[in-house]
Visitor: 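Before anything else, here's the structure in question.
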Amino acid sequence: MKYVRGTTIVLVLWYALAWVLASPIVPFPHLVLVHLVRSMGEGKTYLHLLFSLYRIFMGMMLALFFAIPTGMVAGRFKALDQVVSPVLYLLYPLPKIAFLPIFMVLFGIGDLSKIILIAVIIFFPAAVTIRDGVKEIPVQFLELARAYHLKPRQILKDILWPAILPRIFSSLRITVGISLSVLFISENYAATYGLGYYIMNSWVMAYYIGMYSGIVLLSLLGLGLYIVIDGVERLVVPQSAL
Amino acid sequence: MKYVRGTTIVLVLWYALAWVLASPIVPFPHLVLVHLVRSMGEGKTYLHLLFSLYRIFMGMMLALFFAIPTGMVAGRFKALDQVVSPVLYLLYPLPKIAFLPIFMVLFGIGDLSKIILIAVIIFFPAAVTIRDGVKEIPVQFLELARAYHLKPRQILKDILWPAILPRIFSSLRITVGISLSVLFISENYAATYGLGYYIMNSWVMAYYIGMYSGIVLLSLLGLGLYIVIDGVERLVVPQSAL
Amino acid sequence: NKPKTETSANTTIEESIRTEPLPTLKVGMMSAVDSAPFYHALQEGYFTQEGVDVELILFTNGQNRQTALQTGQVDGAMTDLVALITQTDSDFALTGTLSTDGDFPLLATGPLDGKKSVSAGTMEISVTNYLLEQYLAPKYEIEKVFINEIPARLEAVVSGQLDTGIFPEPFASIGALRGLEKIVFEGIPSESLNIIAFTKSAIAEKESAIRSFHIAYGRAVADLQRNPELARDVLMKVIPNLPPAVRDTMHLPEYHAPRLPSDGFTKEIIAWTGTVTGREYILEPSAMLDPRFVRQ
Amino acid sequence: MVTISDARLDYPRHIAFANFTLAVKPGEMVSIIGKSGCGKTSLLYAIAGLLPLSQGTLSLTGGTEACSIMFQQDRLLPWKTVLGNVLLGLTKDYVGQAEMLLDRMGLYGHRKKYPQQLSGGERQRVALVRSLVRNPRLLLLDEPLAALDEQNRELLQQEIKEFVITKGITLIMVTHSIQEAIFMGSRILVMQPDGIRFETENPHHGAKDLRNRTEFFALEKVLRAQLGGPA
Amino acid sequence: MVTISDARLDYPRHIAFANFTLAVKPGEMVSIIGKSGCGKTSLLYAIAGLLPLSQGTLSLTGGTEACSIMFQQDRLLPWKTVLGNVLLGLTKDYVGQAEMLLDRMGLYGHRKKYPQQLSGGERQRVALVRSLVRNPRLLLLDEPLAALDEQNRELLQQEIKEFVITKGITLIMVTHSIQEAIFMGSRILVMQPDGIRFETENPHHGAKDLRNRTEFFALEKVLRAQLGGPA
Ligand SMILES: Nc1ncnc2c1ncn2[C@@H]1O[C@H](COP(=O)(O)OP(=O)(O)OP(=O)(O)O)[C@@H](O)[C@H]1O
Ligand SMILES: Nc1ncnc2c1ncn2[C@@H]1O[C@H](COP(=O)(O)OP(=O)(O)OP(=O)(O)O)[C@@H](O)[C@H]1O
Ligand SMILES: [Mg+2]
Ligand SMILES: [Mg+2]
């Protein structure tokens, strides 16, 4: 229901923009929807969707696999933070696209390099969010852990992890958005499937109706991922509802 | 001191990568530093730095100016969140680069469109972080505000704002990184100054030493901004040190 | 056709007197050898002498240039036939007025002879895709890999992930500095694929300025034909970050006096573009080319 | 001042209290005692308008605006100093009264500290001052002195009593100390989850030597018996 | 069991306590009373190894591993149920004892709730169970029953006393209730920021009818006098 309302608002804004600009660079929504519905009949459309979904999912998993421990270690141990944070700060601002050649040389031009590129892009915001989250854990709980002689594994499982779980979901939400919106970078080479590829290719052809229907798909893919993430959060953070 | 250590680690990694790849795409750090030091003699280098700093600063201010109220409203008022969040979720994944045409039509190809592009890119992660932060404010404090009949302005000033201040700094850190690393998108058209322009320009000519010295500057600019942000945070979140 | 001396004399005299500024023209350029005559004309003051105040904007990214053109941020830009065709089909009223001269060698780690199948990097919706077929189709089976960003394409060839790739000059010469072999196919394509296109509104509102623009171009080409070194000099000057070694190794095209592709060639490209994009273009060359400015 | 009739308050899967009827006249001082978990805090929440009743009616002269609650947990804002916490939502005009009250509670020297730098009892006193300083017409106190030593406790009972009587404030106070309930309350309730178990006026409430009177000990015995065995 | 000599603990710009010397024998039960802010909590922190002494020495038989502290604030983890909180850091083997203790404290029915769903006194009892269930050799309790009604309080004093004596646990307990201090302590200290003001053995500690003995009231009077005027 609320998503219907949100979609309506976006459509209204879109119509307004299309009407104001009166230019083919912003086609009217109904034209795009017609095109989209027609293209849903083709198997190719689903391949674009699936390829992108696969790359994003793998990229996010890979990024979190490294970002969660990095952020936790940096947030928890001051001495290590003194080393980790400056490195994060120095590497975060690098324009990842400029490193495309390196990724290609190291990981080839196949899916692996695309996934790693996505992972590298979202690793940094995820690691910073998680580090900041760990730093905000109330000192009372950390004292409690010390007082009850929890082993590092238990501190992780019983204190740190549940305390930052909401942050991890928050950073998931941030990274989903980022990784979808940078798909075009990673699907810009040696790709024949993927929404990023489809969008850029349509753009190169100045085929704005096609480009916008790709964008709508991307947007819906994002919305779907967000609904999943919000749902999983409600499941695994039980106390949040109390 | 800790930044020296961080820089050393990055340099070591860089040397290792350069040595492993043995390719001009990763020049040795000392070559880049020599080039960099030489270019520091030219006024142009400072212009690149200043232009980028200006665009980033304005873009971030603009983004936060909208993201903070949006995130606060969405996090605080469930009814409004039902409208705001779906819109955020739908628009966040859009590849902002694909909207370059719209930005150009609306805001030209000058600094305004570059700043707005940066602002739009970082608006979404900032708004989502702040919204999630407001949602995590302990319900006790909100009850307290109700019990003591605080006016909306006071709730904002005395409860919400200080409670999410650490989150705002967290989102500042995220957005600084993002906006620096996407500078190349916005400074990729009709620019003659700016680190993003300089890096891309060197890149398209495969002029890697130049590109890397631009990247080093970008990285140092980022580090500088991070040091400022961390410092300001220590100042304005006094209780964090207790 | 006014005599040149008269025109230049008039402008210099008038400039000091009149307060009304010259009509302006913003034209997008690319870091390609095509741009030499334009920058030469600018440098020599030919544009102002012919009565137009030209601003050349150098783009590093073809897509951004195309977008600037679509949104009217520039009056015209250096583009190519394939882009012109797709744009015209998508309701972007553009008009090609002037063929420019570019050069697109292949780069390869070694000789391609003896190979049956060749993997080659190019961009999908692009003249380079067409050229690649023209160069290689007769002798090889081509396995195309689309890598839009040129430096990325270069690394794919250098690192051996691709047998070859197509690169515009002067970038091809930069790649050659990396130890790659530059392969030039003389006589292909039969006519130029690159073209200057103006927006319909620019054509309508700034016709005389555009005419002056072409005349100045013609004068610059004449200079370059007489002395090709001038082209190398101006390219070295205006394209940022060109390695000095490239100056003498880059393969310059033969610069032609203002001209346009023939209808036959244009139709061939229209048909070819259709096969790549999978769309049907019902276009007449006259719908997108305007020969008025190149007619002597 | 407060009229509650046949009130019930439910949590999901739990009834906090039911069957609760009470009318408090202006200027009255009502002490509530009852076993842990019998719904005292929930009752104060309902009166303060922080939780809606599931059933029954509740009305307040002057509305919830007129009332001020001191929570069982101190809920001091970590980003404000002691004085800042006390003045939460108030104008500068209250600084004088805030400092006076802090002084009377032995906290003047701590007024610039942050809550994290205080002991448990100090925090509780700050929260108490915060609820007093705004001169409410109805004051709700939830075990306000539980974290204090006995000497401080008796002293502060006296301070609160004086403050409340001087300002004409109506008081509803939850406590676990029977003696405190007698000393503070002009009326004393023994609460149970299913309503008021026992209710008595305290005629000697105003007496100076209350703590040493035999009526005091008699009442204590009665209340202790009414409280019954442990939950 | 615990030996503290000439200990001092400083916060930035504040001395929590100084000049503190104490030796506790195994099995002893030490009650500590003292004014709010006199450094009791800080002392327990130091013994538990959570804060370093600024001066003096402190040694514990068995190290801090052997000790378990119950904090003044409950510090229940909001993401764990009551049972989960109690079993924090323990293996499944402790479930039986945990449930038994929860039952004895009247919390068995609440064991699957989250802390946010409990009343103040219930939360405090959960925190108490959490500190007991791990059978420490040294148990540190910081006002463990402050949020409880008097009946529950006396009952739980009895429960804790039995538990501690049966298991041979050494107890150091901070309380504000003089009666509680006498009932629980085999030794009673009156603490001041600058050291121990008064110290006494409690020879009748083991007596069944302790609460009704005249010695009880005599001792109460002495301690009350020693506590002195309010801070
Ligand atoms: N972090 C801190 N920084 C500065 N001063 C502190 C800090 N923590 C406590 N204090 C001060 O140290 C003194 C002793 O505190 P402590 O918590 O030990 O008192 P306490 O005896 O437990 O009091 P209560 O009975 O009120 O709980 C108090 O006056 C308090 O203000
Ligand atoms: N959010 C909640 N959800 C479910 N049950 C709750 C919730 N809050 C409180 N309860 C239950 O309601 C009952 C009454 O709680 P309340 O806090 O009013 O008790 P109380 O009388 O103040 O107790 P105490 O003296 O221990 O503070 C308790 O048994 C408690 O477990
Ligand atoms: Mg309560
Ligand atoms: Mg204490």
Side-chain angles (χ1 to χ4, degrees), chain A residues 2-3 5-7 9-10 17 21 23 25-26 82-87 89-98 101-102 105-106 121 124-125 128-129 132-133 135-136 166-167 169-170 173-174 176-178 180-184 196 199-200 203 208 211 215 218-223 226-227, chain B residues 1-3 5-7 9-10 17 21 23 25-26 82-87 89-98 101-102 105-106 121 124-125 128-129 132-133 135-136 166-167 169-170 173-174 176-178 180-184 196 199-200 203 211 215 218-223 226-227:
Chain A
K2 64 177 179 179
Y3 295 106
R5 224 175 314 160
T7 312
I9 292 177
V10 172
L17 192 67
L21 290 185
S23 154
I25 59 168
V26 184
Q82 302 265 320
V83 176
V84 174
S85 285
V87 174
Y89 286 173
L90 279 166
L91 296 183
Y92 190 174
L94 305 190
K96 311 301 172 301
I97 198 179
I102 301 182
V105 171
L106 290 176
I121 290 178
F124 292 96
V128 170
T129 321
D132 287 355
K135 281 193 180 172
E136 270 187 59
R167 284 292 187 119
F169 278 95
S170 191
R173 278 186 280 264
I174 292 172
V176 159
I178 296 178
L180 283 166
S181 64
V182 300
L183 253 187
F184 71 92
I199 292 169
M200 284 307 282
W203 192 28
Y208 282 95
M211 172 171 148
I215 290 178
L218 196 68
S219 197
L220 293 178
L221 178 61
L223 187 63
Y226 280 121
I227 293 176
Chain B
M1 192 23 229
K2 64 178 180 178
Y3 296 105
R5 222 176 314 160
T7 313
I9 292 176
V10 172
L17 193 66
L21 288 183
S23 153
I25 60 170
V26 185
Q82 302 265 318
V83 176
V84 175
S85 286
V87 174
Y89 286 174
L90 279 166
L91 296 183
Y92 190 176
L94 305 190
K96 308 305 172 299
I97 196 178
I102 301 181
V105 170
L106 291 176
I121 290 178
F124 292 97
V128 170
T129 321
D132 288 355
K135 281 193 179 171
E136 269 187 60
R167 283 292 187 118
F169 278 96
S170 191
R173 279 186 279 264
I174 292 171
V176 159
I178 296 177
L180 283 166
S181 66
V182 300
L183 252 188
F184 71 92
I199 291 169
M200 283 311 279
W203 189 50
M211 169 174 130
I215 289 179
L218 196 68
S219 199
L220 293 178
L221 177 61
L223 187 63
Y226 280 121
I227 294 176

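A, B, ... follow the sequence lines: proteins, then strands. Residue 1 opens every chain.
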Visitor: Can you tell me which portion of Leu183(B) sits under 4.5 Å from chain A's heavy atoms? Options are side chain, backbone, both or neither.
Guide: neither
Visitor: Checking Tyr226(B) now: which residues fulfil side-chain hydrogen bond (donor to acceptor under 3.5 Å, both in side chains) with it, not counting sequence neighbours?
Guide: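 By the side-chain hydrogen bond (donor to acceptor under 3.5 Å, both in side chains) rule, Tyr226(B) matches no residue at all.
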Visitor: If we define contacts as heavy-atom pairs under 4.5 Å, which of Ile215(A), Ile174(A), Leu180(A), Val83(A) has the most with chain B?
Guide: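 Among Ile215(A), Ile174(A), Leu180(A), Val83(A), the one with the most close pairs to chain B is Ile174(A).
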Visitor: Using non-hydrogen atoms only, which part of Leu218(A) is less than 4.5 Å away from chain B: side chain, backbone, both, or neither?
Guide: both
Visitor: Identify which of Ser23(B), Pro86(B), Gly6(B) forms the greatest number of heavy-atom pairs closer than 4.5 Å to chain A.
Guide: Pro86(B)
Visitor: Please report the interatomic distance CG(Leu21(B)) to CG(Leu106(A)), rounded to the nearest 0.5 Å.
Guide: 5.0 Å
Visitor: Roughly how far, to the nearest 0.5 Å, is the OH atom of Tyr92(B) from the CD1 atom of Ile121(B)?
Guide: 10.5 Å
Visitor: Quick check on the interface: out of Gly222(A), Pro93(A), Ser85(A), Gly196(A), who has the most heavy-atom pairs with chain B under 4.5 Å?
Guide: Pro93(A)
Visitor: Please classify the contact between Leu94(A) and chain B as side chain, backbone, both or neither, with a heavy-atom cut-off of under 4.5 Å.
Guide: both
Visitor: For Gln82(B), which atoms come within 4.5 Å of any heavy atom of chain A: side chain, backbone, both, or neither?
Guide: both
Visitor: Taking every non-hydrogen pair under 4.5 Å, which of Ile178(B), Ile9(B), Ile199(B) racks up the most with chain A?
Guide: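 Ranked by heavy-atom pairs under 4.5 Å with chain A, first place is Ile178(B).
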Visitor: Measure distances from Arg173(B) to the heavy atoms of chain A and classify the residue's part below 4.5 Å as side chain, backbone, both or neither.
Guide: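 Contact with chain A is through both the backbone and side chain of Arg173(B).
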Visitor: Tell me, for Thr7(A) versus chain B, whether the close heavy atoms (under 4.5 Å) come from the side chain, the backbone, both or neither.
Guide: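 For Thr7(A), backbone and side chain are both near chain B.
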Visitor: For the interface with chain B, which of Ile102(A), Leu220(A), Val182(A) has the highest count of heavy-atom pairs at distances below 4.5 Å?
Guide: Ile102(A)
Visitor: Please state whether the side chain, the backbone, both or neither of Leu17(A) comes within less than 4.5 Å of a heavy atom of chain B.
Guide: side chain
Visitor: Of the listed residues (Leu90(B), Val87(B), Leu223(B)), which shares the most heavy-atom pairs with chain A below a 4.5 Å separation?
Guide: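 Of Leu90(B), Val87(B), Leu223(B), Leu90(B) has the most heavy-atom pairs under 4.5 Å with chain A.
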Visitor: Of all the heavy-atom pairs spanning Arg167(B) and Glu136(A), show the shortest one and how long it is.
Guide: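 Answer, listing the atom of Arg167(B) first, then Glu136(A): N-OE2, 4.2 Å.
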Visitor: Output the option from Phe169(A), Tyr208(A), Tyr3(A), Phe184(A) having the highest count of non-hydrogen pairs under 4.5 Å with chain B.
Guide: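 It is Phe184(A).
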Visitor: Among Lys96(B), Met200(B), Met211(B), Lys135(B), which residue has the highest count of heavy-atom pairs closer than 4.5 Å to chain A?
Guide: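 Most heavy-atom pairs under 4.5 Å with chain A: Met211(B).
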Visitor: I'd like to know which of Pro125(A), Gly133(A), Ser170(A) tops the heavy-atom pair count under 4.5 Å against chain B.
Guide: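 Winner by heavy-atom pair count: Ser170(A).
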